[in-house]
Amino acid sequence: MTTPPNTPTARPAVAGGTLRPAVVVGGNRIPFARANTAYATASNQEMLTAALDGLVARFGLQGERIGQVSAGAVLKHPKNFNLTRESVLGSALASDTPAADIQVACATGMEALGTLASKIRLGQIESAIGGGVDSISDSPVSVSDGARRVLMQLNAAKTLKDRLKAVSQLRPNQLVPEPAGASEPRTGMSMGEHQALTTHQWGITREAQDELAVASHRNLAAAYDSGFMDDLVTPFRGLTRDNNLRPDSSMEKLAKLKPAFGRQLGDEATMTAANSTPLTDGASAVLLASEDWAAERGLPMLAEFVDAENGAVDFVDGKEGLLMAPAYAVPRLLARHGLTLDDLDFIEIHEAFAGTVLATMKAWESEEFGRERLGLDGAFGTVDRSKLNVHGSSLAAGHPFAATGGRIVALLAKALHQKGEGSLGLISVCAAGGQGIVALLRGR
Ligand SMILES: CC(=O)SCCNC(=O)CCNC(=O)[C@H](O)C(C)(C)COP(=O)(O)OP(=O)(O)OC[C@H]1O[C@@H](n2cnc3c(N)ncnc32)[C@H](O)[C@@H]1OP(=O)(O)O
């Protein structure tokens, strides 16, 4: 059912002073692949287009004009300045579907979906697709500042003399390429090194981290085996499951691994390749809609995208851990809805590192953190571990930065739908730059 381009598609919801629900119709992603494996030669655009086309096929959206598609990549080549729009043009969606590139580091997909849900609630659009993509295998490589200045001068040079003058300024050390890094610009430390300090500060043991990692692999393997992932993942380039998934992960095997981060901690370093997310390639996309739009097309309404909250912390001087923003944003979000952790049926905390999840939960259980950092009367609360990441999370699936939000929203919406109307689910995603985005979904 294609909407003619100039037909008004929105209802001004605010005119009557009420917002209408934004519902999650469903999601689709390609299996995630460890960097430099199955998708070593796939571009961001190819992967995002595949995620969109999977969604098109699943929900019969061929030739459909969507209100807006928002997605993005954390690592993007300059030529991909319009990555999302180009992916839409390459997909089976109508070519007059508007698109926007979004980037909030690892929370990119969450930002895309949160803002799109708001547009639907406001009545600005009837349908939307949000998601993200990232390729470590095909990440951009830059030249040095010095070499770039010479190249720009060379480009502007009008005479042979000018060109020779520009080239004569080039120094051999300026020719060394600069691959995209995962270091925080203000500290020069990687996210893993930052998290190693937070993990240590909160006294999170190696055993607790390895247990979380083993559970992630076990839960994701069970989700695939039970068929839960069948309408969430579309095969791509020969992969049918995330190739980081190791159903045979065990405490004994993980105990043998050497620390990967926390060199300055010496013998007390606890973060390994197994309790840290692997570097990953992949893409995801989620279809949101107004109830009317979904009902007119006979599409499912798995859950309502109720609300989202952005957070940021001051990590530069070590006052707070780099990945701790959700520890503050979740209490604000739940307070807005008069909810506590106990009211939730599912809790999805992105496993950037096992230490991130465990430090966040320990902060919520701390009387001191609750009083001094959150301004509460005491501890914020305890996460019931039987509700945590029950279908596996990023330690097992992998974490293609911008694609993780879409993976979680699609999975949680399905879980809530199965649980039943009114069930509640929380999503918490930390991000570089001391940021994070959290969201609340309600089952339909
Ligand atoms: C906001 C956020 O999300 S922040 C997070 C952003 N993400 C990141 O920063 C990525 C962090 N991860 C990394 O940088 C890398 O994956 C690292 C440094 C942790 C590990 O890199 P590598 O050493 O290349 O990992 P590799 O895949 O080779 O694994 C190392 C070893 O652990 C083993 N291993 C990894 N996982 C498991 C497991 N679950 N069970 C058993 N063994 C495992 C591997 O088999 C390998 O063993 P081998 O050396 O005998 O072959």
Side-chain angles (χ1 to χ4, degrees), residues 32-37 74-75 103-111 132 134 136-137 139 179-184 189-199 209-221 242-263 269-282 311-313 315 321-327 329 348-357 359-360 392-405 407-408 427-438:
F32 291 168
R34 295 172 68 84
N36 302 310
T37 62
V74 176
L75 300 175
Q103 211 271 56
V104 188
C106 297
T108 296
M110 294 304 297
E111 177 67 11
D134 255 298
I136 300 289
S137 306
S139 57
S183 296
E184 281 295 328
M189 286 162 62
S190 71
M191 287 182 272
E193 291 300 329
H194 269 284
Q195 181 60 51
L197 296 181
T198 310
T199 303
Q209 293 171 66
D210 286 355
E211 267 169 14
L212 196 87
V214 171
S216 188
H217 285 272
R218 190 184 53 233
N219 290 345
L220 182 61
D242 315 308
N243 71 3
N244 181 61
L245 174 58
R246 298 176 189 231
D248 63 346
S249 288
S250 67
M251 292 298 282
E252 296 71 38
K253 283 184 183 163
L254 266 56
K256 294 193 180 113
L257 301 180
K258 291 195 183 68
F261 299 106
R263 228 168 302 148
T270 52
M271 286 174 38
T272 67
N275 62 39
S276 307
T277 44
L279 295 163
T280 313
D281 304 332
V313 292
F315 67 95
L322 176 75
L323 303 179
M324 291 298 279
E348 289 286 331
I349 306 181
H350 157 53
E351 296 167 343
F353 303 91
T356 318
V357 180
T360 300
S393 184
S394 307
L395 289 173
H399 171 42
F401 310 132
T404 286
R407 173 186 71 75
I408 302 176
I427 301 175
S428 163
V429 178
C430 56
Q435 302 212 86
I437 302 183
V438 304

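Whatever order the structure lists ligands and atoms in, that order sets their numbers, starting from 1.
The shortest distance between side-chain heavy atoms of Thr108 and Val74 falls below 4.5 Å. When side chains are defined from C-beta on, Leu322 counts as touching Met191, because their heavy atoms get closer than 4.5 Å. Residues Met251 and Val214 meet the side-chain proximity criterion, which asks for heavy atoms closer than 4.5 Å.
Residue Phe353 approaches ligand 1 through these ligand atoms, each under 4.0 Å from one of its heavy atoms: 4 (S), 5 (C), 9 (O). Listed by atom number, the atoms of ligand 1 under 4.0 Å from Ser249 heavy atoms are 38 (C), 39 (N), 40 (N). Annotation for ligand 1: atoms under 4.0 Å from non-hydrogen atoms of Arg34 are 26 (P), 27 (O). Shown in contact with Cys430 at under 4.0 Å from a heavy atom are these atoms of ligand 1, numbered in order with element: 1 (C). Within ligand 1, counting atoms from 1 as listed, the ones closer than 4.0 Å to a heavy atom of Ala431 are 1 (C). For ligand 1, the atoms lying closer than 4.0 Å to a non-hydrogen atom of Ala274 are 36 (N), 37 (C), 38 (C), 39 (N). The distance from ligand 1 to the heavy atoms of Phe401 drops below 4.0 Å at these ligand atoms: 6 (C), 7 (N). Ligand-side atoms of ligand 1 in range of Leu254: 38 (C), 39 (N), 40 (N), 41 (C), range being under 4.0 angstrom from any heavy atom.
Put simply, the side chain of Asp210 never gets that close to the backbone of Thr272: no donor and acceptor are under 3.5 Å apart.
Residue Cys106 touches ligand 1 through its side chain alone, judged by heavy-atom distances below 4.0 Å. Under 4.0 angstrom from ligand 1, the non-hydrogen atoms of Leu257 all belong to its side chain.
Contacts of His399 classified as ring pair (Phe, Tyr, Trp, His ring centres under 6.0 Å), with partners at least two apart in sequence or in another chain: His350, Phe401.
With distances taken over non-hydrogen atoms, the option nearest atom 37 (C) of ligand 1 out of Arg246, Gln195, His350 is Arg246. Looking at Ser394, Ala396, Gly436, Ala352, it is Ala352 that brings a heavy atom closest to atom 2 (C) of ligand 1.
Look at His217 and you'll find a heavy atom under 4.0 Å from some atom of ligand 1. Heavy atoms of Gly192 come nearer than 4.0 angstrom to ligand 1 in no pair at all.
Counting only N and O atoms by type, the side chains of Arg34 and Asn244 include a donor and acceptor under 3.5 Å apart. Using modelled atom types and a 3.5 Å distance limit, the side chains of Thr199 and Gln209 yield no donor-acceptor pair.
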Please step through side chain to side chain contact (heavy atoms under 4.5 Å, CB included) for the pair Glu351 and Thr356, ending with a clear verdict. CA-CA 7 Å; Glu351 296 167 343; Thr356 318; over 6 Å; no
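Ser393 and Arg407 get closest at one heavy-atom pair: OG-NH2, 3.3 Å.
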Table please: side-chain donor-acceptor pairs of residues 431-438 below 3.5 Å, with sequence neighbours left out.
none

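Not a single N or O atom of Lys253, backbone or side chain, sits closer than 3.5 Å to an N or O atom of ligand 1.
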